[in-house]
Number of protein chains: 2
Amino acid sequence: MLRLSKLADYGVVLMAELARDPECGSHNARELAELTRLPFPMVGKVLKRLTRDGLLVSQRGIHGGYALARPAEQIPVSKVISALEGPVALTACGVAPGSCEHEPSCHVRTPWEYINRAITETLDRVTVADLVRPASAIAFAELGVR
Amino acid sequence: MLRLSKLADYGVVLMAELARDPECGSHNARELAELTRLPFPMVGKVLKRLTRDGLLVSQRGIHGGYALARPAEQIPVSKVISALEGPVALTACGVAPGSCEHEPSCHVRTPWEYINRAITETLDRVTVADLVRPASAIAFAELGVR
DNA sequence: ACATAGAGGACCGGAGAGGTCCTGTAAATA
DNA sequence: TATTTACAGGACCTCTCCGGTCCTCTATGT
Ligand code: SF4
Ligand code: SF4
């Protein structure tokens with residue numbers, strides 16, 4: 001089973017698409033939908049959320065569109081995911097203390113903290129720029145993401 | 001949001017509970033439900049699945065119960081999760097090739113492979129034994145899971 | 001003014017998670 | 001052998017939330 005919502009998956013695809021040609025700053029939603037073959041209404045929804053979270057900047061009006069708010073190297077994948085489906089955490093106790101009813105009697109909460117942190121850090125290390133680089137293997141190995 | 005199903009969460013909790021006292025081999029489902037404060041029917045369901053997947057051994061009859069099939073050090077958390085909710089993969093393309101309709105036109109499939117692998121390996125390194133050890137911090141640091 | 005494109009929602013249907021229960025079958029004991 | 005206990009394997013139900021669409025409003029360029 002996949003644990004990443006499609007919303008987040010689409011978000012990563014779209015961010016990567018925007019990072020492909022570093023110059024051409026502005027892409028509008030319709031254009032991006034065609035490039036990625038994703039349903040247009042979904043693309044709009046995702047882009048709006050990413051903008052509200054400060055990962056994209058938008059321009060309204062006749063020549064409007066979206067562009068990366070920062071250089072792709074400074075946007076970790078974890079930010080994209082958390083913008084679209086909340087904080088990255090495998091367990092309920094990882095998102096906010098007290099969100100799991102079994103917390104008082106649970107003995108594995110602390111170990112999960114470490115695991116959650118490790119996974120979060122993995123997703124922190126990979127940036128949107130890494131998604132569009134060819135010869136990814138080398139780059140990922142350097143990041144400790146074998 | 002949490003991406004781990006409650007079924008898998010319960011599974012980890014129960015495996016850890018079984019690993020707590022290394023000797024006392026046999027715990028029955030009702031006993032485990034009381035120890036963990038989890039709803040009894042759920043506990044039964046989870047234990048049955050874990051047994052079918054070979055992570056536990058079961059004994060029927062009047063003094064029946066469940067026990068770890070192997071020493072806790074040899075049971076990675078990833079196995080517990082995959083037994084209860086399928087293979088660990090963030091993206092649809094990570095579980096089986098062809099499971100995502102956008103695969104042909106998707107440019108981020110390859111990068112995701114590396115990320116998926118990194119996360120899987122993290123969950124492979126942590127074993128059930130690590131969940132019941134005190135002073136977890138040191139142990140996890142040694143595993144590269146900071 | 002007018003056409004375009006984003007902002008921000010409401011809205012809906014279906015899938016799947018969470019949870020319960022029922023009927024078998026194996027094992028131990030009297 | 002009869003009985004009791006506890007696992008095996010499902011079916012089944014409910015309810016949330018995901019995936020997806022659509023509508024109205026506002027900002028911008030011509
Ligand atoms: S407190 Fe325990 S049961 Fe609750 S989410 Fe955390 S690990 Fe799971
Ligand atoms: S192929 Fe692309 S769109 Fe499909 S699941 Fe993989 S990353 Fe996501």
Side-chain angles (χ1 to χ4, degrees), chain A residues 1-11 13-14 18 25-34 36-67 69 81 83-86 90-92 95 99-102, chain B residues 1-11 13-14 18 25-34 36-67 69 81 83-86 90-92 95 99-102:
Chain A
M1 287 290 187
L2 70 161
R3 304 268 136 256
L4 197 66
S5 70
K6 283 201 177 183
L7 222 65
D9 187 11
Y10 292 172
V13 171
L14 289 166
L18 276 166
S26 184
H27 288 283
N28 67 29
R30 193 171 306 274
E31 195 178 340
L32 285 168
E34 286 168 9
T36 57
R37 312 268 178 197
L38 298 178
F40 170 61
M42 276 282 106
V43 170
K45 190 181 207 170
V46 170
L47 293 173
K48 279 180 248 178
R49 291 209 198 176
L50 290 173
T51 305
R52 206 181 333 177
D53 248 64
L55 295 175
L56 297 177
V57 288
S58 64
Q59 174 74 3
R60 293 195 187 186
I62 187 135
H63 284 135
Y66 294 90
I81 295 175
L84 290 163
E85 59 174 27
L90 294 189
T91 55
V95 307
S99 52
C100 172
E101 51 179 334
H102 306 103
Chain B
M1 286 290 186
L2 71 162
R3 302 270 136 258
L4 196 66
S5 70
K6 283 201 178 183
L7 222 65
D9 187 9
Y10 292 172
V13 170
L14 289 167
L18 276 166
S26 183
H27 287 282
N28 66 30
R30 193 171 308 273
E31 194 179 342
L32 285 168
E34 285 166 10
T36 57
R37 313 265 177 199
L38 298 179
F40 170 62
M42 276 282 106
V43 170
K45 190 181 205 171
V46 170
L47 292 173
K48 280 181 246 177
R49 290 209 197 177
L50 291 173
T51 304
R52 205 180 334 178
D53 249 63
L55 296 174
L56 297 178
V57 288
S58 64
Q59 175 73 4
R60 293 196 186 185
I62 189 138
H63 286 134
Y66 294 92
I81 296 175
L84 289 162
E85 61 175 26
L90 295 188
T91 56
V95 306
S99 54
C100 173
E101 53 180 332
H102 306 104

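Reminder, nothing fancy here: chain letters follow the sequence lines and each chain counts from 1.
- Regarding A:Leu56, its CG atom lies at a distance of 15 Å from the C1' atom of C:dA5, rounded to whole Å.
- A straight line from CG of B:Asp9 to P of C:dA17 spans 15 Å, rounded to a whole angstrom.
- Within the 4.5 Å cutoff, no side-chain heavy atoms of B:Arg30 are placed close to those of B:Val43.
- Proximity of B:Tyr10 to the phosphate of C:dG19: a side-chain N or O atom is located under 4.0 Å from OP1 or OP2.
- Listed here is the closest heavy atom pair of A:Ser99 and A:Ala92: OG-O, 2.6 Å.
- In this entry the distance linking CZ of A:Arg3 with P of C:dG16 reads 11 Å, nearest Å.
- Protein atom CE of A:Met42 is 11 Å distant from nucleotide atom P of D:dC22, rounded to whole Å.
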Check the pair B:Leu90 / B:Arg3 against side chain to side chain contact (heavy atoms under 4.5 Å, CB included), numbers first and verdict last.
CA-CA 9 Å; B:Leu90 295 188; B:Arg3 302 270 136 258; over 6 Å; no

Atom pairs and distances, side-chain donor-acceptor, residues 49-62 of chain A, under 3.5 Å, sequence neighbours left out:
unit_1, atom_1, unit_2, atom_2, d
A:Thr51, OG1, A:Leu47, O, 2.7

Test side chain to side chain contact (heavy atoms under 4.5 Å, CB included) on B:Leu18 and B:His27; report intermediate values, then the result.
CA-CA 7 Å; B:Leu18 276 166; B:His27 287 282; 3.7 Å; yes

If the sugar-phosphate is the primed atoms plus P, OP1 and OP2 and the base is the rest, what is the B/S/- string for nucleotides 2-14 of chain D, using protein heavy atoms under 4.0 Å?
---BSBBBS----

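- Summary for the helix from C:dA1-D:dT30 to C:dA30-D:dT1: the axes at its two ends, each from 5 pairs, differ by 20° when rounded to the nearest 10 degrees.
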Go through it in stages, so that I can follow the logic: the residues are B:His102 and A:Thr36, the test is side chain to side chain contact (heavy atoms under 4.5 Å, CB included), and I'd like the CA-CA distance, side-chain angles, deciding distance and then a yes or no.
CA-CA 8 Å; B:His102 306 104; A:Thr36 57; over 6 Å; no

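- Residue B:Glu85 contributes atom CD, which lies 16 Å from atom C1' of C:dA15 at whole-angstrom precision.
- The CG-P distance, from B:Leu7 to C:dG16, rounds to 15 Å in whole Å.
- Using a 4.5 Å heavy-atom cutoff, the side chains of A:Glu31 and A:Tyr66 are not in contact.
- Nearest approach of B:Ser26 to B:Gly65, heavy atoms of both residues: OG-CA, 3.7 Å.
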